[in-house]
A.B. asks: 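Structure below; questions to follow.
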Amino acid sequence: MPFRKICVLGLGYIGLPTASTFATHGLDVIGVDVNRHVVDVLRNGGVHIHEPGLRTLVQAAFHSGKLTVRETPVAADAFIIAVPTPIREDKRADMKAVTSAAESIVPFLRKGNLVVLESTSPPLTTQQLVAPILERSGLKVGDDVHLAYSPERVLPGKILSEIIENARVIGGVTPESAEAGRDLYNVFVRGDIILTDSTSAEMVKLMENTFRDVNIAIANEFANLAEMFGVNVWEAITTANLHPRVTILRPGPGVGGHCISVDPWFLVEAAPDDTPLIRQARRVNDGQPARVVARLEAQTGDLAGKRIAALGLAYKPDVDDLRESPAIHVVSELLQRGAKVRTYEPFALETKIGAAVPAPTLEEAMQDADALLLLVNHTPFLELDPAVVARYMQGELVMDTRGVWEPDAWMAAGLTLIRLGDGRQYA
Ligand code: SAJ
């Protein structure tokens with residue numbers, strides 16, 4: 001099935017790279033975003049997202065004349081929905097954006113069109129939410145219009161290569177819909193394309209991220225046990241991972257990002273009585289920020305009035321993405337206990353968390369601090385010289401929640417390093 005013109009709804013972390021990649025591979029792409037600011041920024045040559053290589057790709061797409069952006073859809077051969085599916089307070093998926101994106105294409109649907117949902121969604125969304133909306137057009141999904149679910153599985157920080165190289169699952173509401181999806185993504189995907197039904201494709205996506213969440217939860221629980229038993233969890237994990245069938249992940253201050261900390265809830269929502277493990281893993285990971293603060297407080301005593309330098313706010317290294325970031329929860333908890341927090345996030349310098357003061361430089365964040373807290377293992381932090389840190393700080397306590405700093409070097413600089421999951425004493 002030949003596709004010449006496509007409409008991509010949602011120009012965020014997934015939609016923008018997807019739209020631009022299709023455009024640089026020769027399709028006419030209309031990128032649609034309901035947020036006027038996003039459309040304006042892109043039209044003026046900017047990019048509203050930090051992702052390595054994205055600016056260059058978007059510029060190439062515009063220069064090719066194949067990408068245009070606007071606030072409403074137009075008629076096209078295919079429509080890709082890549083809008084957010086955030087989680088609500090009650091831990092249920094907020095499907096408003098998917099609903100309104102699907103509704104917005106109804107007036108433009110024509111016989112033979114393909115619609116692909118990429119947004120991570122609870123099982124059965126494609127069949128039970130999207131299909132009925134599309135049928136308001138009078139066309140029959142599966143007969144007149146193809147409909148498929150194809151999850152994005154790219155890793156933030158590596159989106160541009162993974163979007164092309166990763167295996168891609170395409171689940172159709174009919175086999176023909178899946179095949180139509182394959183014809184579309186074949187334009188640029190170099191990884192394997194696996195065809196299945198739409199609900200299986202939805203499950204695959206949720207299973208991948210839930211698997212990772214549960215595995216991080218057990219690493220976090222091991223870290224907590226290690227502190228209790230006087231064990232260095234980082235060494236213990238390295239040793240355990242020498243076993244040919246064991247791969248324990250890394251403990252940390254919690255799990256953030258818009259995917260792994262959110263997607264498992266979609267399974268819990270769909271089957272609350274049959275997901276005890278998934279729910280518990282979420283609780284363990286969500287409990288990590290409080291554990292970090294408790295460990296720090298055990299060293300410093302009452303946190304009220306203590307000057308804490310918090311390094312890193314993003315949800316993981318070398319990205320500016322703050323969504324669901326556990327570092328933010330740690331900072332909020334410190335503030336609640338009366339600590340005076342200075343934050344330094346090199347990828348989003350102006351980020352302000354409550355009463356915390358965002359420092360423009362690392363040095364200003366560390367100046368006169370009673371304690372230094374590493375929350376994200378951004379590359380620049382890995383190279384920090386403990387002797388330099390010691391010169392800026394007033395106190396001696398340094399806490400590493402990512403297991404990346406070596407105690408010896410910090411001790412040699414006269415500082416006390418404690419590490420999450422490390423129950424050994426280095427005095
Ligand atoms: N984390 C740990 N310990 C680890 C690994 C990660 O604490 O050993 C934490 C990170 O610090 C971060 C969170 O988990 O806060 C998630 O980071 P991540 O790098 O594991 O994953 P994401 O959220 O950036 O991207 C994931 C990926 N999914 C899987 O690896 C199964 C990616 O392939 C998906 O496309 C993406 O979710 C998504 O969009 O769903």
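We count ligands from 1, going down the list as the structure has it; atoms in each ligand are counted the same way.
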A.B. asks: Between Arg88 and Glu269, is the closest basic N to carboxylate O distance under 4.0 Å?
C.D. replies: no
A.B. asks: Does Arg250 approach ligand 1 within less than 4.0 angstrom via side chain, backbone, both or neither, non-hydrogen atoms only?
C.D. replies: both
A.B. asks: Of the backbone atoms (N, CA, C, O) and the side-chain heavy atoms from C-beta on, which set of Lys205 has a member under 4.0 Å from an atom of ligand 1: side chain, backbone, both, or neither?
C.D. replies: side chain
A.B. asks: At under 4.0 Å between heavy atoms, is it the side chain or the backbone of Glu324 that contacts ligand 1, or both, or neither?
C.D. replies: neither
A.B. asks: For the atom pair CZ (Phe211) and CD1 (Ile216), what is the distance rounded to the nearest 0.5 Å?
C.D. replies: 10.5 Å
A.B. asks: Hey, is Val154 touching ligand 1 through its side chain, its backbone, both or neither, going by heavy atoms under 4.0 Å?
C.D. replies: backbone
A.B. asks: Among Arg153, His258, Arg212, Lys158, which residue places a heavy atom closest to atom 5 (C) of ligand 1?
C.D. replies: Arg212
A.B. asks: Using the rule salt bridge (Lys or Arg N to Asp or Glu O under 4.0 Å), only one of Lys340, Arg307, Lys306, Arg342 pairs with Asp370; which is it?
C.D. replies: Arg307
A.B. asks: Do Glu208 and Arg212 sit within salt-bridge range, that is, some charged N less than 4.0 Å from a carboxylate O?
C.D. replies: no
A.B. asks: Heavy atom to atom 16 (C) of ligand 1, shortest distance: which of Gly257, Gly256, Gly252, Ala327 holds it?
C.D. replies: Gly256
A.B. asks: Hey, is Thr120 one of the residues with a heavy atom under 4.0 angstrom from ligand 1?
C.D. replies: no
A.B. asks: Can you find a pair of side-chain heavy atoms, one from Asp197 and one from Gln127, that are under 4.5 Å apart?
C.D. replies: no
